[in-house]
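These notes are about the structure you will find just below.
Only this structure's heavy atoms are used, side chains among them; waters, hydrogens and symmetry mates stay out. Each chain gets a letter, A, B and so on, in the order its sequence line appears, and its residues count up from 1. The shown structure was predicted, so the numbers you read here are calculated from the model rather than taken from an experiment.
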Amino acid sequence: GENVEQHPSTLSVQEGDSAVIKCTYSDSASNYFPWYKQELGKRPQLIIDIRSNVGEKKDQRIAVTLNKTAKHFSLHITETQPEDSAVYFCAAVPYYGNNRLAFGKGNQVVVIP
Amino acid sequence: DTEVTQTPKHLVMGMTNKKSLKCEQHMGHRAMYWYKQKAKKPPELMFVYSYEKLSINESVPSRFSPECPNSSLLNLHLHALQPEDSALYLCASSRGDGGNYGYTFGSGTRLTVV
């Protein structure tokens with residue numbers, strides 16, 4: 001099955017700086033890569049996603065890049081704000097996935113005011 | 001309506017109790033899921049219903065019993081749970097089959113087994 005690795009596990013950034021979280025995946029057939037943000041005590045929320053036919057996608061201060069050859073994808077947050085502090089999970093779905101998302105272990109992002 | 005609604009938000013139950021968790025969505029999504037999440041861990045898939053049929057059971061113990069009465073509702077029946085089953089139980093839905101659609105998660109039921 002698909003194995004998703006996420007690094008680093010914790011990331012502290014100064015407010016206003018950029019944050020980058022990287023994920024690697026094992027199954028070359030995976031074709032959908034969502035990112036979820038989970039604030040303490042709240043539900044995971046889909047913040048951005050990318051499909052395998054696209055290399056980059058942006059939505060205001062967040063962007064995701066995908067390198068299919070290297071089998072990795074990254075989340076970029078620019079001009080970080082305290083409300084960006086949360087756990088971020090990457091995930092991948094194999095083409096044959098039967099709706100099964102393979103989550104990474106999560107990354108705790110702390111934005112220091 | 002763009003939400004997945006879960007009830008109750010909190011549940012404390014004894015090891016001999018029977019209780020049910022409920023989940024509802026009105027987005028016309030045809031796939032619904034139960035996930036279990038422990039603190040500081042990613043969600044773990046338990047069950048997938050696709051077009052109201054159980055399509056995935058991730059070897060979940062029989063003390064957890066899912067039910068999908070219709071395309072908008074998903075239940076999780078609990079019986080004879082163990083303290084290690086204490087966790088956040090998340091329901092989610094997505095547009096359809098194939099998995100390459102984003103999930104919408106509910107707020108979860110925080111379950112404590114005593």
Do A/R43 and B/Q6 have side chains that approach each other closer than 4.5 Å (heavy atoms only, starting at C-beta)?
no

Rounded to the nearest 0.5 Å, the CZ atom of A/F89 sits from the CD atom of B/Q37 at a distance of 5.0 Å

Shortest non-hydrogen separation from A/Y32 to B/G102 and the atoms involved
OH-N, 2.9 Å

Spell out, yes or no, whether A/L101 and A/W35 are grouped together once hydrophobic residues are joined by side-chain heavy atoms under 4.5 Å, including indirect joins.
no

Quick one: what part of A/Q6 sits under 4.5 Å from any heavy atom of chain B, side chain, backbone, both or neither?
neither

Please report the interatomic distance CG(A/L46) to OG(B/S94), rounded to the nearest 0.5 Å.
11.0 Å

Tell me if the NZ atom of B/K18 is crowded by more than 12 foreign heavy atoms within 6.0 Å.
no

A/E83 atom CD, over 12 foreign heavy atoms within 6.0 Å
yes

Within the distance-only criterion (no hydrogens, no angle test), does the side chain of B/Y103 pair as donor or acceptor with the backbone N or O of A/P34 below 3.5 angstrom?
no

Are A/V20 and A/V64 connected, step by step, through hydrophobic side chains (Ile, Leu, Val, Met, Phe, Trp, Tyr) whose heavy atoms are closer than 4.5 Å?
no

Describe, in one word, how the ring planes of B/F105 and A/F103 are oriented to each other, choosing from parallel (under 30°), tilted (30 to 60°) and perpendicular (over 60°).
tilted

Are there more than 12 heavy atoms of other residues, nucleotides or ligands under 6.0 Å from atom CD of A/E79?
no

Tell me, for A/F33 versus chain B, whether the close heavy atoms (under 4.5 Å) come from the side chain, the backbone, both or neither.
neither

Shared hydrophobic cluster, B/F64 / B/V12 (ILVMFWY, side-chain heavy atoms < 4.5 Å):
no

Is B/L111 linked to B/M15 within one hydrophobic cluster, defined over Ile, Leu, Val, Met, Phe, Trp and Tyr using a side-chain heavy-atom separation of less than 4.5 Å?
yes

Do you know the tightest heavy-atom contact between B/P43 and A/P44?
CG-CG, 4.4 Å

